[in-house]
Amino acid sequence: MRTEDVLAAVATGLWRWDNASGTVSLDGEAARLLGLPAEPVELPEAAVRSRFHPVDWNEVNGIVNLAVAEGTLAEARLRIMDVDGRVMRTVRSRSKPLERWSADGSLDYELIGTIQEVAEPQPGTTAVHTPITGDWRRSREAFLLDAGRALAEARSTAEVLRVAASLSMPGFNPDGLAVFGVAGDRLSVIGHHGHDAGDEGPFTDMALETDYPAAEVVRTGRAIYLPTPEDYRRRFPATWPLAQRFDRVSWAFLPLIVAGRTMGAWMAAFRQPASFSPDERSVLTTVARMLAQALQRAGVAESERELTTGLQRSMMPQLGPEIPGMRIAARYVPTGGGLQVGGDWYDMIPLPSGRFALVIGDVQGHDVRAAGLMGQLRIAVRAYASEGHRPDAVLSRASRFLAGLCASQDPHTGDGADDDADARSPRFATCLYVECDPRTGTLEVARAGHPDPAVRMTDGTVLTRPTAGGLPLGIVPDTDYPTTRFTLEPGETMMLCTDGLIETGGHDLDTGWARLRAVLEADTHEAGGHEGGHLEVLADLLVRAVHGPSSHHTTGPLADRREDDIAVVLLCREGGGCGCGTPVAHPARPVRRTMLTVAQAEPERIAGARRQVRELLHDWADEEQLDAVVLMVSEMVTNVLVHTDGDALLVAEAAGELGERRLRVEVTDSSDELPHKRHPGEMASSGRGVLLMEMLADAWGVDPRGEGKSIWFELYEQSKQPDTP
């Protein structure tokens with residue numbers, strides 16, 4: 001039987017494409033598959049081209065050129081079109097390019113091959129691999145893209161090894177993998193797949209001089225391919241017994257090279273024979289390069305995580321022992337810098353007097369140098385506090401310490417003059433130091449350019465406590481830091497935080513405080529579950545509100561603001577209600593009270609007094625009454641600063657049920673001179689304080705207080721009635 005008859009019987013046609021003459025010869029079966037009469041024919045290239053889908057035809061030249069370069073078969077799938085442009089069938093063309101020299105000395109080629117109709121593959125079917133180019137090349141490229149993406153996403157050595165073990169190579173798939181590393185002059189097994197536990201024992205801690213393929217690959221930096229067991233036995237007789245027991249028949253050992261340095265070797269072993277054609281070697285070499293890069297990245301990432309964890313553990317102290325009558329919770333979230341460390345810190349320091357100190361601070365920057373300065377500054381503050389110094393003295397000494405520390409690193413003097421100027425420039429730090437008396441709840445606060453503390457009262461009202469302060473630490477070596485004293489009442493919670501908690505997510509100080517106030521005022525008792533757990537839950541809620549998934553829906557007006565590190569400390573004084581949100585039944589609503597001192601030298605704190613009153617009465621029913629209260633408070637405090645030589649002490653207290661409360665505000669000073677009603681002219685700029693009190697307050701008066709007096713007024717809450725038609 002003739003060959004043509006056999007091919008026709010299996011619906012396979014023959015074709016010959018002469019590139020030099022631009023003609024294509026088809027036998028009868030090939031002509032039938034192309035939609036032509038089933039008889040041998042020779043056609044111009046254009047006539048045959050019109051039968052193929054344009055996209056498929058455009059791929060033929062590239063496939064043929066690749067087959068010529070690699071000396072393999074050219075394979076392509078081509079869709080056959082009818083005269084109306086509809087797809088009739090899909091055929092597979094396999095051909096061998098043959099080079100020919102023309103009479104003019106130019107190099108050309110002709111293709112001789114077969115055409116056969118193909119159907120969609122059925123599930124579960126397999127095909128024997130042959131060294132062809134078209135579909136194999138497309139599968140190889142798709143595989144390498146998937147492998148590169150998977151290895152790029154791996155973040156640890158274990159993940160890289162899992163990805164390498166799951167790679168399914170096109171046409172040939174190793175079932176045994178091993179990654180070898182180098183430590184000094186020894187070879188070690190980083191990970192393996194397709195072997196039992198303990199099988200790596202003989203290969204661990206192997207000398208690089210050993211007659212073993214992986215060791216030779218590391219020594220020479222060249223790949224080794226062993227297609228048969230005979231090749232392995234002949235080249236490495238000393239270690240062949242170690243490999244023989246795994247029942248593999250082909251092996252590939254490839255170097256793992258990064259930046260010109262061989263960092264290890266990768267072994268791919270096969271149970272089915274592998275010839276390691278040029279295409280297969282190209283795939284293995286590319287995977288080895290990607291695997292080396294992935295292992296390098298994973299190693300660097302793991303080193304950074306280990307360094308970060310060590311820095312955090314050494315620089316973030318654990319909170320001290322439990323304090324009778326008080327509970328403390330703290331959180332630290334590094335959100336800036338590649339190593340995830342920054343300049344924020346907090347600390348709790350036992351004091352010689354039996355009290356304790358809470359410290360929170362923020363060193364400028366989000367880099368390793370900021371973290372280093374933070375660690376040194378934290379130790380200095382702890383040392384000064386442990387010596388028994390008062391809060392103002394602690395911050396003064398800390399400022400001098402930081403200024404001297406940065407001066408010694410000035411890039412213009414001494415060593416390091418050639419370093420980056422920004423990295424070596426002086427840094428400053430903000431800090432808030434609070435000395436606490438757990439027996440009385442008295443707090444003495446010294447502040448160095450840091451956000452004020454916030455207090456959640458027993459009924460849920462949140463107030464920011466204005467405190468006296470000075471410049472950030474390190475700017476001026478000799479700086480005074482005045483202290484502010486107030487009392488944390490039973491059931492109240494104080495929050496100290498860095499500006500990262502306030503301004504994260506594009507917020508400024510005002511909008512950031514508004515967002516935190518909503519979290520502090522929320523009920524967290526159900527989430528707490530156990531005694532004291534509500535404070536820990538509240539700390540988590542505060543961080544989650546500004547740094548969790550929900551924070552993406554509460555961005556502030558400055559959406560492009562850089563994120564910052566976050567540190568937060570919560571101090572709760574136990575009592576008849578917990579300021580962090582635990583509801584406790586009361587026979588009556590607790591009294592809401594605040595106190596503030598405005599010194600003669602600080603008239604700007606009058607604005608803080610107005611804000612304090614507004615925050616105290618944030619849920620007052622009548623907005624007009626609230627405006628009247630703020631106006632009277634401003635007038636009373638201003639009169640003390642203008643007409644006396646002493647400071648003004650403001651005490652505001654709201655008692656009663658919502659909608660029916662009584663507000664009492666007192667302003668105390670050290671002068672015996674009593675206010676009296678005046679009759680100012682139309683253009684006068686003062687003299688209307690008493691008139692305002694008579695017009696706006698429900699009751700007011702003046703009470704002598706030994707050396708001084710107290711001016712007070714009362715106002716009764718009036719719930720607004722709905723408008724009647």
Side-chain angles (χ1 to χ4, degrees), residues 358-362 391-392 395 430-436 441-457 461-472 479-489 492-499 501-503 508-517 520-521 568-571 573 579 592-618 626 629-641 646-654 663 665-669:
L358 292 179
V359 187
I360 191 167
D362 181 2
D392 55 341
L395 292 191
T430 65
C431 185
L432 188 68
Y433 184 97
V434 182
E435 184 174 316
C436 310
T442 301
L443 308 177
E444 291 190 51
V445 182
R447 186 171 60 88
H450 202 82
D452 285 310
V455 175
R456 186 190 194 279
M457 309 176 78
T461 301
V462 177
L463 302 178
T464 54
R465 287 286 187 180
T467 56
L471 293 172
T479 304
D480 293 330
Y481 294 96
T483 59
T484 302
R485 177 181 295 184
F486 62 91
T487 301
L488 192 67
E489 301 292 343
E492 293 184 343
T493 296
M494 179 179 65
M495 181 188 75
L496 313 178
C497 68
T498 57
D499 57 358
L501 187 70
I502 304 172
E503 297 178 345
D508 55 21
L509 288 176
D510 291 333
T511 60
W513 273 123
R515 177 175 56 170
L516 295 178
R517 179 177 287 109
L520 289 168
E521 292 178 349
V568 57
V569 177
L570 299 175
L571 174 66
R573 186 181 181 194
R592 189 184 300 177
R593 179 186 298 107
T594 186
M595 181 171 56
L596 178 68
T597 300
V598 180
Q600 280 282 338
E602 297 177 321
E604 65 276 3
R605 297 196 66 191
I606 298 177
R610 292 194 293 262
R611 184 175 66 252
Q612 189 88 334
V613 171
R614 283 197 176 275
E615 292 179 353
L616 184 75
L617 305 178
H618 67 96
L626 180 56
V629 171
V630 173
L631 177 60
M632 288 188 286
V633 167
S634 182
E635 182 71 20
M636 293 164 64
V637 176
T638 302
N639 282 339
V640 172
L641 300 187
D647 302 336
L649 175 63
L650 169 69
V651 179
E653 179 180 285
L663 172 68
V665 177
E666 296 185 8
V667 175
T668 304
D669 62 79

Side-chain heavy-atom pair Val665, Leu650 within 4.5 angstrom cut-off: yes
Give the minimum heavy-atom separation between Glu615 and Thr461, together with the two atoms involved. O-CG2, 3.5 Å
State, with a plain yes or no, whether a side-chain heavy atom of Pro453 is found less than 4.5 Å away from one of Leu432. yes
Looking only at heavy atoms, which two atoms of Arg611 and Pro466 are closest? And how far apart? NH2-CG, 4.1 Å
Side chains of Thr597 and Arg605, donor plus acceptor under 3.5 Å: no
Testing the basics here: between Ala609 and Leu596, what is the closest heavy-atom pair and its distance to 0.1 Å? CA-CD2, 3.5 Å
Where is the tightest heavy-atom contact between His450 and Gly361, given as atom of each residue plus distance? CE1-CA, 4.1 Å
Test item: Arg485 and Thr442 side chains (from C-beta on) under 4.5 Å apart, heavy atoms: yes
Please report the interatomic distance CE(Met494) to CG(Leu358), rounded to the nearest 0.5 Å. 5.5 Å
Taking Thr638 for its side chain and Glu635 for its backbone only, find out whether a donor-acceptor pair lies under 3.5 Å. no
Tell me the closest heavy-atom pair linking Met457 and Leu463, and the distance in Å. SD-CD1, 3.7 Å
For Glu489, enumerate each residue passing the side chain to side chain contact (heavy atoms under 4.5 Å, CB included) test, keeping only those at least two apart in sequence or located in another chain. Thr487, Glu492
Please answer whether the main-chain N or O of Leu616 pairs with a side-chain N or O of Arg592 as donor and acceptor at a distance below 3.5 Å. yes
I need the single residue from Leu649, Leu641, Asp647 that forms a side chain to side chain contact (heavy atoms under 4.5 Å, CB included) with Val598. Which is it? Leu641
Tyr481 side-chain N/O to Leu471 backbone N/O, donor-acceptor pair under 3.5 Å: yes
Are any of the side-chain heavy atoms of Val359 and Cys431 separated by less than 4.5 Å? yes
Minimum heavy-atom distance between Val637 and Ala648, given as atom pair plus value: CG1-CB, 4.2 Å
Side chain to side chain, Arg465 and Thr484, heavy atoms closer than 4.5 Å: no
Looking just at side-chain N and O atoms, do Thr467 and Asp452 make a donor-acceptor pair shorter than 3.5 Å? yes
